[in-house]
Amino acid sequence: MYPNTKLLIDGELRDAENCATYPDISPWNGSEIGHAADGGMEDLQEGIAAARRAFDDTDWPTDHTKRIASLRQYADVLKANRQRFADLARDEVGAPGATVFSAACDAPLGMIDGWLDFAEGYEWEQDIGTAEMFGFKSRRKVWKEAVGVVAAITPWNVPNQINIAKVLPALAAGCTVVLKPAPETPMCGALLGELAVEAGLPAGVLNVVTSADAATIGAALVADPRIDAISFTGSTATGKTIMASASQRVAKVFLELGGKSASIILDDVEDFAKTVAGGAMVCFHAGQGCATITRLLVPRTRHDEAVAILKQAFESIEYGDPSSPMQIMGSLISEQQQQRVLEYIAIGKQEGATLVTGGGIPADKAEGFFVEPTLFANVTNDMRIAREEIFGPVLVVIPYDDDVDAVRIANDSDYGLSGAVHSSNMERALAIARRIRTGTFSINGGMWYAGDAPFGGYKQSGIGRESGAEGFEEYLETKCVAMPEPSPA
Ligand code: ADP
């Protein structure tokens, strides 16, 4: 059992009001792994007030050198606790071994130094020269300034990645933060809070309010006039609610939402079998990734061949062992998510797609929240299983006629988060990449995911970018300052 976790408010690790806690459930077998602080409305108010004070009354936003030095200490403490993040990814999130070494733990920890280097070298002030307007000469400067108090609201699928990718760049930009982790994964968030105290981060710059509550605390955080910007990752439905609420006071929003990403396999691909088998990567972390490839587009003439290859690949996936460093697939996060995925599988069957393999709860893993690796073939892009985000280990195979048809199908989606193409002809692949309406795109397995690369979506996949220069600048405002020329400044 893990020890009870605390909230972080104004530099102190505290119990929630009335010492409320709630059980944290292991997705592997439904058992309790410990209890988390169940933050309420009062805790939230205090967290926001502390973040506001730290922003308004201290030099956190303005003393870049001191702030980055403080964050470097925090980074060292975070990295020194790598094993604790990894253990939580496994025990709280249900992340299997092969994901712990990537987005579930090591990748985000490995991105922090790059973000801090970027912030350290950032050009906070630009001189845009002199201009004459209305017969009067002015010298102008453009200042970049922290946007203010940021509400960071995060989901349960890769909480270490998303918590770290919001908190560190926001703090590096000079913002202060109230982090509200998902109810399913409080401990990953609480660990960031505990380690902030250990690292001596100034009081109030980071506040962590964990809560069993699914929506009320988050909604109150978003609606609070003391919050200047909201950085949210989660479902498109919740993203729309947040955007509507934030619009009431024109608060800045960064939204990283759902996806239904397509990979196009062209007929000239070098190793058809190997490339097609890569479609089984939908099972990575049981498909609980917003940018996961969930639609595989194959030439109509080779559909059945592709399906036979995929069937074998899906049926050879070993999963369900929390101790294996090799496995790519664990459990779904909760029984609710398991039921949601099973409902989509039922919908796919009703819609007339061919269920090739999987589709149920594996008989030997009934106590966790598992769903079998599931493959649908003969899918058309108008089916709900091709349009809606399932967030489970479910791949749909869609046949296409030619390049134009493939691009049309890939783009025929409310989402625009990611995509891929495979071809032995780079010109042809690039032509397709240019026509696809997504925020990230992979050619022949190229990896866009990195700390210095912007990540985010077109269309209903969101607004803004995480990581990279663009991600850092989400947390900045721009001020143009003019003074008479010649000026002493
Ligand atoms: P899911 O349905 O997959 O749990 P959500 O998008 O609902 O995804 O949740 C992502 C995060 O948003 C969680 O931290 C959740 O508590 C929070 N959340 C849910 N509803 C709201 C809301 N109305 N306003 C703000 N945050 C919310």
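Indexing begins at 1, ligand by ligand and atom by atom, following the structure's order.
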### Message
If you measure every N or O of Glu184 against every N or O of ligand 1, does any of those distances drop under 3.5 Å?
### Response
no
#### Entry: Sidechain-backbone polar pair: Arg249 side chain, Asp224 backbone, donor-acceptor under 3.5 Å
yes
#### Entry: Spatial distance of atom CG (Leu417) from atom CZ (Phe455) [nearest 0.5 Å]
4.0 Å
### Message
Could you measure the distance from the CG atom of Asp228 to the CZ atom of Phe55? Nearest 0.5 Å is fine.
### Response
6.5 Å
### Query
How many angstroms lie between atom OG1 of Thr236 and atom NZ of Lys459, to the nearest 0.5 angstrom?
12.0 Å
### Query
Should Pro181 be listed as contacting ligand 1, given a heavy-atom distance under 4.0 Å as the test?
yes
#### Entry: Check ion pair Arg52-Asp56 (N to O, under 4.0 angstrom)
yes
### Query
Are Phe391 and ligand 1 in contact, using a heavy-atom cut-off of under 4.0 Å?
no
### Query
For ligand 1, is there an N or O atom under 3.5 Å from any N or O atom of Thr238?
yes
### Task
Looking only at distances, please establish whether an N/O atom of ligand 1 is found under 3.5 Å from an N/O atom of Thr233.
no
### Task
Please check if the side chain of Asp412 supplies one atom and the backbone of Arg408 the other of a donor-acceptor pair under 3.5 Å.
no
### Query
Backbone, side chain, both or neither: what part of Leu221 comes under 4.0 angstrom of ligand 1, heavy atoms only?
neither
### Message
Please give me the minimum heavy-atom distance between Tyr319 and Ile317, naming the atom from each residue.
### Response
CD2-O, 3.5 Å
### Message
Among all protein heavy atoms in this structure, tell me which lies nearest to atom 24 (N) of ligand 1, with the distance rounded to 0.1 Å.
### Response
Ala219 N, 3.3 Å
### Query
Nearest protein heavy atom to atom 19 (C) of ligand 1, by residue and atom, and its distance?
Ala214 O, 3.0 Å
### Task
For Gly234, take its heavy atoms, then give the atoms of ligand 1 lying under 4.0 Å from any of them.
6 (O)
### Message
Main chain of Leu171, side chain of Arg67: is a donor-acceptor contact present, judged purely on distance under 3.5 Å?
### Response
yes
#### Entry: Contact check: Thr241 vs ligand 1, nitrogen or oxygen atoms, below 3.5 angstrom
no
### Message
Taking the basic N atoms (NZ, or NE/NH1/NH2) and the acidic carboxylate oxygens, is any pair closer than 4.0 Å for Arg84 and Glu194?
### Response
yes
### Message
Could you identify the single nearest non-hydrogen protein atom to atom 12 (O) of ligand 1 and state the distance to 0.1 Å?
### Response
Phe232 CE1, 3.2 Å
### Message
Under a 4.0 angstrom heavy-atom cut-off, which atoms of ligand 1 come close to Thr154?
### Response
11 (C), 13 (C), 14 (O)
### Query
Tell me: protein heavy atom nearest atom 26 (N) of ligand 1, and distance?
Gly218 CA, 3.6 Å
### Query
Against heavy atoms of Pro183, which atoms of ligand 1 measure under 4.0 Å?
16 (O)
### Query
Nearest protein heavy atom to atom 1 (P) of ligand 1, by residue and atom, and its distance?
Trp156 NE1, 4.0 Å
### Under-4.0 Å heavy-atom contact between protein and atom 9 (O) of ligand 1
no
### Message
I'd like to know whether the aromatic ring centres of Phe441 and Trp448 sit less than 6.0 Å apart in this structure.
### Response
no
